[in-house]
Structure formats: structure tokens, C-alpha cells
Amino acid sequence: MSAITEVKRPEIKTELPGPRGKEIVEADARYVNPAYPRPAYKLVVERGEGAWVEDVDGNTFLDCNAGVAVCSTGHCHPEVVKAIQEQAARLIHMCGTDYYYRHMPDLARKLEELVPVPGPTRTHFANSGTEAVECALKLAMYATGREKFIAFFNSFHGRTLGSLSLTSSKIAQRRGFKRQALDVVHVPYPNTFRHPFSGEQSDAETVSRACLDWIEQRLFLTTTPPEEVAAIVVEAVQGEGGYVPAPKQFLHGLRRICDEHGILLVVDEVQSGFGRTGKMFACEHYDLKPDIITLAKGIASGLPLGACVARADLMNWKSGAHASTFGGNPVACAAALKTIELLEGGLVANAAEVGDYLQAGLRRLMQKHDCIGDVRGLGLMVGCELVRGNGSREAAPELRDRVEVECFNRGLIVLGCGYNTIRWSPPLTLTRENVDVALEIFDEALTAACR
Ligand code: PLP
């Protein structure tokens, strides 16, 4: 089997999906949960290396999605594979809720060193982002004795019932489930490209002020007594909602509101964490100190692991209050420790450097394609919002879907997020050469989709 990383450009040899891919898609339709929100194209993968994936029919793609912002060190990084293999040969599972092994304290100690939560901290290990969020919600209720939460429109925090009460990025995620499990009120998120009240472009100060006023001057005076609010839960960079970074003054305003009313600030860095934004955590761009942070996705290069890290004085609940059979599994922890070593060893810096290069390239494409309304993001968490063009800022969701497919047909994997945004969330190993190839394909795909 030849190394895919020797490939410099995508290679598409069959129709997509090819004959083997079609069989798998058919079997999937018969046996697998149809609620998975698959995109307009069908990628049936067989193997991956670095920023490249090969499908079951031998086609090679440049992956600028990384399994939805998960494969932070690239696909199957040899050192991560080795750490997983060695750990799997020694101990796969023992259940950290009842027994002890070194991996959980080792990783929790490392996280305390890294996270923006003021130390000392404690960590609960879970298996996914939504479980990390569930832990944060339960902990906030337990620690404050309060029950209400404030979350943001267009946020995504997961699909289990507690997290789903916060999630509000697409109606399909909520339709059919009727009532919220938790008492959550949603408020506007400060998107500078589309001010949540006017829809117009705005400056960071104006939009931040409007959104903070909404909480303090409306919510707290009408429906939601601040002393009943356990936590405000926010993504420093909205992920599924469209890759929208919050302005610094807004996040600091939330911190102030929390401090004034004894509310906990939970920052969900499930998508933005672990180097994706060019710093280990997005909070570092803002000098923001949450009380609780939720983590998953990029933490273990693809092994299932989530973490909820909280101030130790908050996470002092009693035995039995919260636990998980698989959470903090030794193999996943070994993958996380190796992932963090690689991130600290250069991949976070690479995300910052190559991310700037990618954003600059996308901005150049903006001059050529007026359907690119906005390019935004931090590091390798970059959103490209598509609009009708010809002077119109009207959102163009169908065009976004067509662009995704045109990219795929040319061997570039990108995935939508929000209503009309293309997300770039490649492995943090991406090189400038990869970006040059990706931008060339993106340029062609935009031209083809606009035809
Ligand atoms: N929080 C954020 C910010 C996310 O982006 C996601 C997933 O996209 C989640 C939570 C839920 O993570 P999971 O799908 O692992 O449950």
C-alpha cells in the first residue's frame, strides 16, 4: 500500500461515489440511523494519512474538514497510532469510575496546565462533546443550586437532551422533541457580519453592546431573574452556527455579568479547542477565563474522548453525582497525551501560520468571486460565508451546497456550517502547499457553482 502523503494533488479516477462506495451508501441507507445530517456529496472513506484521505474506490482527496474538526494531528499520525497500539496492548479498559489508572490524572494534570480556567482545576472525562456539556450543566446546577441557563442563538452544544436544550443552530436538531429538558433562554450572538437585530454589517463594539444590553436590560428585567441563572454557556467562536468568532468586548462583558450575579461562565471549546484557532484554546485570543470549559473533538486525534474541566472548588461534588463507564478510557487518554505533545511541539503554531495564509488566500478570492460575502475565523477555524453576490448580501445556502459538491468532485473535502457558510477545519498539519492546491480547487468550484 503506497503512502498517500506522497500525493501532492487529489486524484479522482471514478465517478463519485464509485462502485464500491455506492454499495456502502446503499447498505448504510438500509441499516444505519437516517438522522445523520450527511452533506450533499457522498464520501466513502477507506484510509487516511495526514491531510489526505482515500475512498474505497481509490480516489484521493485533500481533507480540509478533518472528520469535522477532529483529526487535529492529521489522519493516523504515526506517533498517535503507536501510542494507541502500545496502550491497547497493555490495558484497554478498567472503568475509571471504580478503579484507578495513571492515564486520567496524567491527562487531567496536563489539562490543568493548559486550560484558561483559573487553577486548581478538576476534570471529568467523557466520550464526546455533548457529554462534556452535560457534565458542565449538571455541575453548574449542583454548584450554584440554580436551574436556569442562558445560551445563544445559532449555538451548537450537542444532541443529548440537556445539551439539546442549549443547541439552536438548526431547527432540524429540535423539531419533534417538543419541550426543552432544561430551563434555557436563548439570546442573540454578536455576529459582526450580520448584526442579529438589523442584519447589517456592524462593528464589534456596537454589536457587543446590543447583545449584552439584551441580557441585562431585557432578560434580567423581564423573564429571567439573574440570581436564578446557574450559567451562561457560550462558544468563543461559534462552530456549527457558521464559524463566527465573538468580539473580545462581548466575551468580557459576559464575564462581568457572571461576576456581578454569581453566574458561572461555561465556555464550550469542543470545536475551537486543541490548537484549532492557532492557540491551544480560543479563550487565549480573548484573555478570557471561564469557570468551566468543555472539550472534545481534537483532544485525541479521533479517539472518542470529551472533558469537562472546572475550577476545583466547583467540582467538589459528592461520590456518585456524575460518572461515565467509558469516559477517560486508557487508550483514548494515551492518544490525547500524544496529541497534546504534538500540538505543543509545533502544530498549534502551524495552525496559526497556515491559517493566516489560508485566510489571506480566501480574501484574495473574494475580489474575484462576489458571492463570497465574508471570510472570518482564527487559525485553521475559518468560515467563508456565501451570498447572492452582485451587490446582494442575501444568504446563498443552495450555492453553498453546490460549492461543496463541486469541491468534492475535484477532490477537496470541505463541509458547510451555519446556513450558508463553508467551514475550513483541516488537520493542523496542513501546509502552505496544501492550501495552494485547496484554493485553486475552491476557485474552480466557485466558478463552476456560479455558472
Ligand atoms: N459543542 C460544540 C461547540 C460542538 O461543535 C459540538 C459538535 O459539533 C458539540 C458540542 C457536540 O459534540 P459531540 O458531537 O461530540 O457530542
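We count ligands from 1, going down the list as the structure has it; atoms in each ligand are counted the same way. Note: hydrogens, waters and symmetry copies are ignored here, and every other heavy atom, side chains too, is used.
Counting heavy atoms under 4.0 Å from ligand 1, residue Arg159 does not touch it at all. Contacts between Glu131 and ligand 1 below 4.0 angstrom, taking non-hydrogen atoms only, are absent altogether. Looking at Glu269 against ligand 1, nothing comes within 4.0 Å, counting heavy atoms.
Close approach to Asp268 involves these atoms of ligand 1, each under 4.0 Å from a residue heavy atom: 1 (N), 2 (C), 3 (C), 10 (C). Atom numbering of ligand 1 starts at 1 in the shown order; those under 4.0 Å from a heavy atom of Gly129 are 11 (C), 12 (O), 13 (P), 15 (O), 16 (O). Close contacts between ligand 1 and His157 involve ligand atoms 1 (N), 9 (C), 10 (C) [criterion: under 4.0 Å to a heavy atom]. Ligand-side atoms of ligand 1 in range of Lys297: 5 (O), 7 (C), 8 (O), range being under 4.0 angstrom from any heavy atom. Listed by number with element, the atoms of ligand 1 under 4.0 angstrom from any heavy atom of Phe156 are 1 (N), 2 (C), 3 (C), 4 (C), 6 (C), 7 (C), 8 (O), 9 (C), 11 (C).
For the residue pair Ser301 / His77, no side-chain donor-acceptor distance below 3.5 Å is found, with atom types taken as modelled.
A cation-pi contact links Arg393 to Phe193, judged by a cut-off of 6.0 Å to the six-membered ring centre and 45° from its axis.
Residue-environment remark: CD (Glu147) stays at or below the threshold of 12 foreign heavy atoms within 6.0 Å. The environment of Phe326 atom CZ is sparse: at most 12 non-hydrogen atoms of other residues, nucleotides or ligands sit within 6.0 angstrom.
For atom 1 (N) of ligand 1, a protein heavy-atom neighbour is present inside the 4.0 Å cut-off.
In this structure, the protein non-hydrogen atom closest to atom 5 (O) of ligand 1 is Gln271 NE2, 2.8 Å. The protein non-hydrogen atom at the shortest distance from atom 16 (O) of ligand 1 is Thr130 N, 2.8 Å.
For the pair Val234 and Leu254, the minimum side-chain heavy-atom distance is below 4.5 Å.
Evaluation of the salt bridge (charged side-chain N to carboxylate O under 4.0 Å, His left out) rule for Arg402 yields no partner, not counting sequence neighbours.
Considering CD of Glu269 and CD1 of Ile299, their distance stands at 12.0 Å, rounded to 0.5 Å.
In summary, Glu79 and Lys82 do not engage in a salt bridge, as defined by a charged side-chain N under 4.0 Å from a carboxylate O.
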